[in-house]
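Lettering follows sequence order; numbering is per chain, from 1.
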Amino acid sequence: MPVRTRFAPSPTGYLHIGGARTALYCWLEARRRGGAFVLRIEDTDRERSTDAAVQAILDGMAWLGLDYDEGPIFQTRRMARYSEVARGLLEAGKAYWAYESKEEIDAMRAAAMARGEKPRYDGHYRELGAAYREDPNRVLRFKNPHDGSVVFDDAVKGRVEWRNEELDDLVLIRSDGYPTYNFAVVVDDIDMRIDEVIRGDDHVNNTPRQINLYHALGAAVPRFAHLPMILGADGQKLSKRHGAVSVMQYREDGFLPHALLNYLVRLGWSHGDQEIFSRAEMIAAFDIGAVNQSASRFDLAKLGWLNQHYLKTDDPAALAPELVWHLQRCGIEPAQGPAPEDVIVALRERVQTLKEMAMRARIWYAPISAWDEQAVAKHLGGAGARAALLAVHTHLAALTAWTPGQVGEAISATAAALGVGMGKIAQPLRVAITGSQVSPSIEHTVYLAGQREALRRIDVALARTG
RNA sequence: GCUCCCAUCGUCUAGCGGUCCAGGACGUCGCCCUCUCAAGGCGAAAACACGAGUUCGAUUCUCGUUGGGAGUACCA
């Protein structure tokens, strides 16, 4: 029977790096084994869930190309089902109503802590067996077993054992009538026939309680896989302050979705010495059982390297729309200049992100806005510069076909005619076209400006020569 | 505090008792190439946290220490 996995974020914020990797692993596991991948939105926290966050998660999934077979399923639309299951548990004597106020619970914990014990609910109403009554503090609690222990074989952590005496009677239904996370996940995972639960490390502690719930409900316990955390570059937990940015922020910063996916898949998992994985390759090679057990740090430099790798190897035509998007965000009108594909070819070996590329492409879409005076002094100052520019102007003006190749030949011919090295021609020309002494190869730099504009810029530069 | 988890180059990792004076990748440094900057090629520096065991033999197994992390909610 094909596996069924799910990604179950709570809509209390955007889709961040850690969530994205969890989603990726769930997706990969389902795809590799020909199973189904379900997206479920865990929105039972009415205080913190927002529609904007739901949308942000959906957008992030879409951008990354992590398609789901079912969902998004919203827990708040399944309220009747939770009540039904809760009632069943109550009738079976596996749950009970409790009426402590939050203050009383807090005091109970504080007292336990003071005794050096684990802060937990003392099961007061479990013993009391009080009848149901309307009460603002009324919650439904689960009768967790007192004895024995819960053992599970985690796909990444291995065997984990928990003594039941460490666990207390968790709340199933809150006083506001909404189910708690631990209850809703179990009900949902059973109903949705999830047999492989892949989630963050921070859920290991909940697992034994959930397993007890599975038992109480007479359901088969799924296989669990708890992923280690992704830490910030400084080794600290990812937080709003550092690194935990939305995956969509990576798009804005100029990263490609498949580069991010490739980076993420290798964070905590490896396949021999392979670093580069296409989608198909990661699907074929991924193995949840081979995931690392220790936390890893997010390294932007390596992401940058991967991103450039894809910039260099992807079809420029496929990248063009994304570059256009970035150009527009930089306030550049792409229609006014060279074809984006040509810009990509000229710049992809020089930048790591599309954002950088867009910024550096500005010189071909808009007039020179600032001259690097040092470059002007160094390359336009001498007498040779003037002669070089005059000669190259002539050669370029004579071209009937305007291609990087033709432009390159015209420049080489100029150097040959003057009996000087390429540098004597290329550098003054580079400054003339771009106003700076750094740019892509000279033939691309000139080619991208267009014949008319290139010649015009040489004329302008001529006025600046000494 | 208590419970659980983790520990190989700066970073991501390979390693599943001898083939490891520990391999790959990013980053760093050097050289080459060169019209600038890159990209590319070649090369270098760089790690088994510590201490006990087990064993003929531990990076690999066990325990402890230290150091990280997670949870300890009517948040997920």
Side-chain angles (χ1 to χ4, degrees), chain A residues 8-12 42-45 47-49 98 100-102 105-106 109 112-121 137-141 154 157-158 160-163 166-168 170-182 184-185 199-208 226 228-229 231 233 235-237 263 266-276 292-306 308 312 347-352 360 375 379 408 411-412 415 421-431 434 436-443 445:
Chain A
S10 67
T12 53
E42 311 220 319
D43 55 353
T44 52
D45 182 345
E47 244 90 286
R48 302 193 303 151
S49 298
E100 284 88 357
S101 67
K102 284 174 185 163
I105 296 290
D106 287 344
R109 290 208 177 82
M113 284 273 258
R115 289 194 302 271
E117 289 168 16
K118 208 171 169 171
R120 30 204 287 270
Y121 177 64
N137 292 323
R138 177 227 61 197
V139 297
L140 186 70
R141 283 185 183 270
D154 193 279
K157 294 192 172 301
V160 179
E161 179 167 3
W162 228 282
R163 277 170 296 127
E166 295 295 334
L167 275 22
D168 63 358
L170 71 155
V171 170
L172 262 22
I173 301 291
R174 300 191 272 229
S175 52
D176 65 4
Y178 280 76
T180 56
Y181 161 74
N182 280 303
V185 243
R199 71 216 326 187
D201 225 350
D202 46 338
H203 291 287
V204 216
N205 302 273
N206 291 320
T207 306
H226 288 99
M229 306 232 78
L231 274 19
Q236 296 300 298
K237 187 185 179 181
Y263 177 72
R266 280 284 290 102
L267 208 55
W269 174 80
S270 61
H271 183 63
D273 287 339
Q274 189 172 348
E275 296 287 352
I276 304 297
N292 267 197
Q293 302 174 53
S294 49
S296 45
R297 300 187 189 204
F298 191 84
D299 182 14
L300 201 57
K302 188 160 185 181
L303 206 212
W305 171 76
L306 274 166
Q308 185 178 35
K312 289 190 299 185
L347 282 170
R348 62 184 173 183
E349 287 175 356
R350 297 171 168 76
V351 298
Q352 293 198 318
R360 304 219 354 210
H379 299 293
I411 297 168
S412 309
M422 273 294 278
K424 295 292 182 210
I425 306 295
Q427 282 306 84
L429 184 52
R430 172 169 280 116
V431 177
T434 69
S436 86
Q437 51 187 329
V438 176
S439 83
S441 66
I442 194 63
E443 67 264 30
T445 299

For nucleotides 47-49 of chain B, print each protein N/O atom paired with a nucleotide N/O atom at under 3.5 Å, atom names and distance only.
none

Lys/Arg N to Asp/Glu carboxylate O, K157(A) vs D201(A), below 4.0 Å: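 Yes, K157(A) and D201(A) are salt-bridged.
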May I ask you to say what [X] touches in the nucleic acid, namely base, sugar-phosphate or nothing, with a heavy-atom cut-off under 4.0 Å?
| X | value |
| --- | --- |
| K424(A) | nothing |
| T445(A) | nothing |
| Q437(A) | base |
| S439(A) | base |
| G268(A) | sugar-phosphate |
| Q274(A) | nothing |

Over 12 foreign heavy atoms within 6.0 Å of CD, E161(A):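 Atom CD in E161(A) is packed in, count exceeds 12.
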Listing time: all N or O pairs from protein to nucleotides 7-11 of chain B that are below 3.5 Å?
none

Partner residues of Q352(A) under the side chain to side chain donor-acceptor pair (under 3.5 Å) criterion, sequence neighbours left out: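 Q352(A) satisfies side chain to side chain donor-acceptor pair (under 3.5 Å) with no other residue.
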Watson-Crick/G-U partner (both atom distances under 3.5 Å) of A49(B):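 Looking at the geometry, A49(B) pairs with U65(B).
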Collect all protein-nucleotide pairs involving nucleotides 66-74 of chain B in which both atoms are nitrogen or oxygen and the distance is under 3.5 Å.
residue	atom	partner	partner atom	Å
G71(B)	O4'	N205(A)	ND2	3.0
U72(B)	O2'	P119(A)	O	3.2
A73(B)	OP2	R109(A)	NE	2.4
A73(B)	O5'	R109(A)	NE	3.2
A73(B)	O5'	R109(A)	NH2	3.1
C74(B)	OP1	R109(A)	NH2	3.3
C74(B)	O2	S175(A)	N	2.8
C74(B)	O2	S175(A)	OG	2.6
C74(B)	N3	S175(A)	OG	2.9
C74(B)	N4	E100(A)	O	3.2

Please produce a list of atom pairs where a protein N or O lies less than 3.5 Å from an N or O of nucleotides 29-32 of chain B.
none

Under 3.5 Å: donor-acceptor pair, side chain of T180(A), backbone of V171(A):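 Present.
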Test ring-ring contact (aromatic ring centres under 6.0 Å, His included) applied to Y121(A) - qualifying residues, sequence neighbours left out: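 Checked Y121(A) against ring-ring contact (aromatic ring centres under 6.0 Å, His included); zero matches.
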